[in-house]
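Contents: one structure, followed by commentary.
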Amino acid sequence: MNIEEKLKEKISNALASQGIVFPVPSIIIEHSKSSEHGDYACNVALQLSKDLHKNPREIATIIVSNIDRSGISKIEIAGPGFINFFLSQESITKVISTIISQGSDFGKHEKNNLRVNVEFVSANPTGSLHLGHARCAAIGDSICRLYEAAGYDVTREYYINDAGAQVEHLGESISARYMTLLGIPTDVPTDGYHGEDIKKIASRIIDESGNKYLSDSIDNKKYFVQKGIELELENIKEDLKSFRVEFDVFSSESKIREGHRIESTIEKYKKFTYVSDGALFLKTTAFLDDKDRPIKKSDGQYTYFMPDIAYHLDKLSRKFDLLVDILGADHHGYIARMKSALMMQGYSRDILEVELVQVVRLMKDGLEVKMSKRTGNAVTLRELCEDVGVDASRYFFVSRAASSHLDFDLSLALEQNSSNPVYYAQYAHARLSKVLATASDIDFDLDGKRLREEQENELMVHLASYPSIIVSSANERAPQKIVIYIQKLASLIHAFYTECHIINSDDKELTQSRLALAKASQIVMRNALDIIGVSAPEKM
RNA sequence: GCCCUUGUAGCUCAGUUGGAUAGAGCAACGGCCUUCUAAGCCGUAGGUUGAAUGUUCGAAUCAUUUCAAGGGCGCCA
């Protein structure tokens, strides 16, 4: 149990001893913003004053006079009724030995036996991934890593839309390039794809099988579509891998449409459908939606919504306790309708959580550049990795809340290279690594007996809060909180490094204490960077 | 016209779910390298939290209205 949990329990017990029931989970312990407010602060007295009809300071006094004071050096009641805790030296330094003994497991929680499926990116296999996908990939993967650290069993899933009009256009575009390369000039359809990747695919088909697919047969058309999807997907997987994102499961729309799966799904929804103007509608307004949605068009084709419902039911049939979809913000209308569809099958509205990621606007010299896959002028994930770097890109995307509208200026991102905050954090890790390597023959003082400075104290308190930050970030699916944590950690490490010289040839004991703190800090920095998929270099 | 998201320092953004003096990073200004990496540290300046009203001990956070930006509005994905 860490310090915060212990404090919560003490407070709850103190209240219970006076007949006031206030369970541990509803108690909020916060880090004091300034050291004059102690190491931790609690506002229960203010929360309780309304229910108990008592002055908050009075309640605080009751708590303080009944609390178990072990590990606490001083308790103060401040302001309107805050309780400020000053920890004893031993309870602060204890975190060092905990971190060093747990190593890369520090911050990871015990398995909670909950299975979560996170679907993200899921870009159509019709071209390279671009900036917007990069943001989704960075956020999605970090959320997965957070869930893993918080004890969930996580499945990363990618849904391939390989059955709609988009992939038909892909096939036609490849076909046109293929013809042109073989000496029969053919225009790419106006709603087709014009990027370089299409040319590459066409020439690859020629390399593999020459002019075998020249005729306009249906089989050949199918071949171009199928081959196009295969190669685009291969490309996407490679790009994602170099961005340190790997999926466990790829599901495809065409599989969902196979056999009579859609028909049998519709059968399950019989109670909630009706025909209007020749189209089949799903009565989503019976649940959360403001309009009923068509699932089968009057021409007999399904809308995209129908296979999507079948797909979500497919995921649920694989026994997940929670589904998370990470989608572009233009899908927000989709949330109510999909939740409604799942509720029709008896699932709770919370079985599906949707995280909306705002689009990235590409800027150049202060002006917006419209990105389009069709015209091929988008900044791709690959370019981003090559020009800005994986670490800087992932850090940048994760440091902003998914809901924030984001402008991305590539030239500025390149310029800012050395002042990018990611290097601030990595540099802190590298500096500690160097000191630890230099003093590798000196033992650690795991009790941190000689740690007295304010910088050391603040650093230790911050280190101790890491496990609870993991839990709250995971619950809120908010990886940017980890970035904030990292930023603060880096700042404290740099201050410690500058103000508290670690290796002192004339004071071995002090050196041993500080080396232990350096080691613990290095471990936590590395663990935290790993959550957002950023490397922790030994030297820079 | 209706719905969703967003609006915080010159710029890019945080803000622990209603708490103490609203915080970081860039940019600006002033200091600090004969000792472990100056990609650093210490300090200064910068704010009517888009605007207004309300809810209460207490509001950037909740409610209503309003302005602005982006997105979505029954057979597109």
Side-chain angles (χ1 to χ4, degrees), chain A residues 28-34 36-37 41 43 46-47 49-50 55-56 78-82 84 124 161 164-166 253 276-282 284-285 289-305 308 328-337 356 358-359 361 396 399-401 403-409 412 416-428 430-439 455 465 468-469 472-473 476 478 480-481 483-485 487-488 490-491 493-499 501-505 511 514-515 518 539-540:
Chain A
I28 297 166
I29 290 280
E30 35 186 32
H31 289 102
S32 306
K33 280 170 196 157
S34 76
E36 62 184 289
H37 293 144
N43 66 348
L46 294 140
Q47 287 180 302
S49 74
K50 224 169 256 171
N55 182 320
F82 291 99
N84 294 332
N124 289 346
N161 286 105
Q166 306 301 328
E253 185 181 348
S276 170
D277 300 330
L280 189 65
F281 280 75
L282 190 64
T284 46
T285 50
D289 213 351
D290 56 345
K291 274 170 191 158
D292 291 338
R293 306 291 168 177
I295 52 177
K296 193 176 188 179
K297 299 188 256 179
S298 46
D299 65 1
Q301 297 274 341
Y302 298 111
T303 63
Y304 83 100
F305 186 37
D308 246 20
D330 51 337
H331 288 73
H332 74 77
Y334 168 103
I335 301 173
R337 117 185 36 159
L356 292 179
Q358 276 293 343
V359 279
R361 277 204 309 176
F396 174 76
S399 62
R400 271 78 172 166
S403 62
S404 76
H405 297 249
L406 190 56
D407 291 346
F408 186 86
D409 192 320
L412 207 67
Q416 284 184 346
N417 209 305
S418 65
S419 61
N420 192 307
V422 73
Y423 299 108
Y424 182 72
Q426 290 182 317
Y427 184 48
R431 281 176 129 182
L432 293 180
S433 301
K434 177 65 190 302
V435 174
L436 288 162
T438 307
Q455 288 86 358
S465 71
S468 60
I469 295 288
S472 63
S473 309
E476 294 165 48
Q480 80 274 10
K481 287 194 162 184
V483 173
I484 295 164
Y485 180 87
Q487 204 64 28
K488 174 93 182 286
S491 162
I493 289 173
H494 284 305
F496 164 62
Y497 182 94
T498 309
E499 301 299 326
H501 205 263
I502 298 169
I503 301 171
N504 300 279
S505 47
T511 301
R514 287 182 171 170
L515 277 173
K539 61 179 174 187
M540 286 172 73

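Computed from heavy atoms alone, side chains included, the values below leave out hydrogens, waters and symmetry copies. In this text, all values refer to a predicted model and were calculated from it rather than measured experimentally. Every chain is numbered from 1, with letters handed out A, B, ... down the list of sequences.
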What N/O pairs connect the protein and nucleotides 7-11 of chain B at under 3.5 Å? Give each pair on its own line.
none

Problem set entry | Partners passing ring pair (Phe, Tyr, Trp, His ring centres under 6.0 Å) against A:F281 (at least two apart in sequence or in another chain) | A:Y274

Problem set entry | Partners meeting side-chain contact (heavy atoms from CB on, under 4.5 Å) with A:E499 (sequence neighbours left out) | A:Q455

Could you list all N or O pairs between the protein and nucleotides 27-34 of chain B that sit under 3.5 Å apart?
none

Short heteroatom pairs, N/O only, protein and nucleotides 60-64 of chain B, under 3.5 Å:
none

Exercise. Can you list the residues that meet the side-chain hydrogen bond (donor to acceptor under 3.5 Å, both in side chains) rule with A:N504, with sequence neighbours excluded?
Worked result: none

Exercise. Got a sec, which residues hit side-chain contact (heavy atoms from CB on, under 4.5 Å) with A:D277, two or more places apart in sequence or on another chain?
Worked result: none

Problem set entry | Contacts of type ring pair (Phe, Tyr, Trp, His ring centres under 6.0 Å), residue A:F496, not counting sequence neighbours | none

Seminar exercise, completed: Those residues at least two apart in sequence (or on a different chain) that pass side-chain contact (heavy atoms from CB on, under 4.5 Å) with A:Q487 are A:Y395, A:P421, A:Y424

Problem set entry | A:S399: side-chain contact (heavy atoms from CB on, under 4.5 Å) partners, not counting sequence neighbours | A:V483

Could you run down the sub-3.5 Å N/O contacts of the protein with nucleotides 40-43 of chain B?
unit_1, atom_1, unit_2, atom_2, d
B:G40, O2', A:R431, NH1, 2.8
B:C41, OP1, A:Y424, OH, 2.4
B:C41, O4', A:T498, OG1, 3.4
B:C41, O2', A:E499, OE2, 2.9

Exercise. Can you name the side-chain hydrogen bond (donor to acceptor under 3.5 Å, both in side chains) partners of A:T284, sequence neighbours left out?
Worked result: A:D289

